[in-house]
Amino acid sequence: MSELKVPFQDFRAPYLELKEEFDAAYRRFMESGWFVLGGETTAFEEEYASYCDAAHCVGVANGLDALHLALLAMDIGEGDEVIVPSNTYIATWLAVTHAGATPIPVEPDLKTYNIDPNLVEQAITTRTKAILAVNLYGQPCDYEPLLKLARKHHIKLAIDNAQSHGACYNGKRVGGLGDIECHSFYPSKNLGAYGEAGAITTSDADLADRVRVLRNYGSRIRYNNEIPGYNSRIDELQAAFLRIKLRQLDEWNARRAKIASTYLSGLAGIPDLILPHVPAYSSPVWHLFVVRHPNRDELQQHLAGAGIQTIIHYPIPPHLSGAYQESNYKAGSFPIAEQAANEVLSLPIGPHLTDDQAAYIIQTVASFKK
Ligand SMILES: *Cc1c(COP(=O)(O)O)cnc(C)c1O
């Protein structure tokens, strides 16, 4: 194996950049003697709600819980249908399944990889309670037609915003645009914790209140359990760390955008290589830089041989995974999602990738002979 020259992601760099702040937050946390649902959580919730231009933020334990509790808060359960993209991380589907409802997959637009709004209406039935769209790879989904459909059919538009913290749709920040938006702060995300964390944002006070009660054993007042809730509280230390990273997020996203534009110009015109497309409504935050190639596996090998680590997001679409083998889906059920799974490749991108590393990646991709 060749020496690893460019890891897919540099997890130590953000700590080294802001070491004093993280260390001080840790000391403050240890000395406070308060570890769950305290001042750091409240402050993070206020700061992140304001960042998203949403009235409310409720911190939870992880992104899957954010999705699951959001669906429960909307009263979605047994017998209900929720429209999901066929091309997403499996968590989007699992949240629907865990709520007791049925995920109804709709194919993506292969140009943006996000759910194709033109295919959504034909999937709506009398059982449909919500559209759960995803802002995949750092790019907002096409909110406007989706909101229109949701209003027309009196259903909710929920958003899985695990991958697009800080992205904008027509100049407006995601997080405050759907009826409820769900965020993961898993370490690899643009706004990543040092462990597990998640949140919902919404401007619907009732939905926020329901999630707040659901995350804490169904109680508002200690030992008064109004409903059978969950334990999905955000960790106080993670909230403290996230507040530090949130202040840096726009700068880090801007650095990602600069690398993306270097890639877009440096990789333009390479035969068979399909580059990311940015629609006019979108200001993406480049969680991932996803290219497509008919000889994807060979391209990945070629890059690995040069010490460049890449990842496939995602190699198996949810409908072909073991988790959904009871659903009677088969190869060919969602051909666009399957084509994406066969052809996509994520190149390294992140706020701490250097210009030299980006140039090396461009040069290595350009030297690939299929
Ligand atoms: C990461 C991710 C999730 C799940 O978040 P966790 O915090 O790992 O539970 C959900 N949806 C998408 C699209 C993701 O990328």
Side-chain angles (χ1 to χ4, degrees), residues 8-9 11 44 48 57-72 82-99 103 105-106 108 112-115 130-141 143 146 157-167 174-175 178 180-201 211 214-215 230-235 237-239 241-242 245 253 256 284-290 311-319 321 323-324 337 340-341 344 346 349-350:
F8 187 72
Q9 197 170 356
F11 285 104
F44 173 71
Y48 193 63
C57 169
V58 182
V60 296
N62 55 60
L64 177 60
D65 280 7
L67 292 161
H68 181 205
L69 300 189
L71 294 166
L72 296 181
V82 177
I83 290 170
V84 295
S86 56
N87 179 53
T88 181
Y89 180 55
I90 197 168
T92 319
W93 287 43
L94 286 178
V96 178
T97 303
H98 292 334
V106 167
T112 63
Y113 304 105
N114 277 323
I115 197 165
I131 302 165
L132 174 52
V134 181
N135 298 330
L136 200 67
Y137 303 154
Q139 177 135 276
C141 63
Y143 280 82
L146 294 174
L157 177 64
I159 301 287
D160 178 342
N161 190 46
Q163 301 193 357
S164 301
H165 318 124
V174 302
I180 188 163
E181 304 216 5
C182 308
H183 314 261
S184 163
F185 306 120
Y186 185 75
S188 64
K189 314 293 189 187
N190 288 38
L191 179 59
Y194 287 93
E196 306 279 353
I200 64 96
T201 50
V211 174
L214 281 164
R215 78 165 170 189
Y230 297 79
N231 177 357
S232 183
R233 300 174 291 229
I234 190 171
D235 188 288
L237 181 60
Q238 298 306 332
F241 290 155
L242 286 167
K245 280 193 162 181
N253 281 343
R256 286 174 184 268
V285 288
W286 302 103
H287 173 58
L288 299 171
F289 191 92
V290 177
I311 298 184
I312 296 162
H313 297 92
Y314 297 92
I316 303 170
H319 72 278
S321 69
Y324 288 96
V344 293
S346 305
I349 192 165

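Quick caveat: nothing in here was measured; it's all calculated off a predicted structure. In each ligand, atom 1 is the first atom listed, and ligand 1 is the first ligand listed.
When atom types are taken as modelled, the side chain of Ser232 and the backbone of Asp65 share no donor-acceptor pair closer than 3.5 angstrom. Looking only at distances, no side-chain donor or acceptor of Asn190 sits under 3.5 Å from a matching main-chain atom of Gly138. Side-chain atoms of Arg215 come within 3.5 Å of backbone N or O of Gly59 as a donor-acceptor pair.
By the 3.5 Å distance cut-off applied to N or O atoms, Tyr186 is not counted among the residues near ligand 1. Ligand 1 has no nitrogen or oxygen under 3.5 angstrom from a nitrogen or oxygen of Phe185. Ligand 1 has no nitrogen or oxygen under 3.5 angstrom from a nitrogen or oxygen of Tyr89. In terms of N/O distances under 3.5 Å, ligand 1 is not approached by Thr88.
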Would you please test Phe185 and Phe241 for ring pair (Phe, Tyr, Trp, His ring centres under 6.0 Å) and show each step?
CA-CA 11 Å; Phe185 306 120; Phe241 290 155; over 10 Å; no
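Geometrically, Lys245 engages Tyr194 in a cation-pi contact defined by less than 6.0 Å to the ring centre and at most 45° from the axis.
For atom 1 (C) of ligand 1, the closest non-hydrogen atom of the protein is Lys189 NZ, 1.7 Å. With hydrogens left out, the protein atom closest to atom 11 (N) of ligand 1 is Asp160 OD2, 2.7 Å, a heavy atom. Atom 4 (C) of ligand 1 has its closest protein heavy atom at Ala91 CB, 3.8 Å.
The ligand atoms of ligand 1 that sit less than 4.0 angstrom from a heavy atom of Ala162 are 2 (C), 3 (C), 10 (C), 11 (N), 12 (C), 14 (C), 15 (O). Ligand 1 places these atoms under 4.0 Å from at least one heavy atom of Gln163: 13 (C), 14 (C), 15 (O).
Tyr48 and His183 share a donor-acceptor pair across their side chains, judged by distance under 3.5 Å alone.
Contacts of Leu64 with ligand 1, taken as heavy-atom pairs under 4.0 Å, involve both backbone and side chain.
A distance of 11.5 Å separates OG in Ser164 from OH in Tyr137, rounded to the nearest 0.5 Å.
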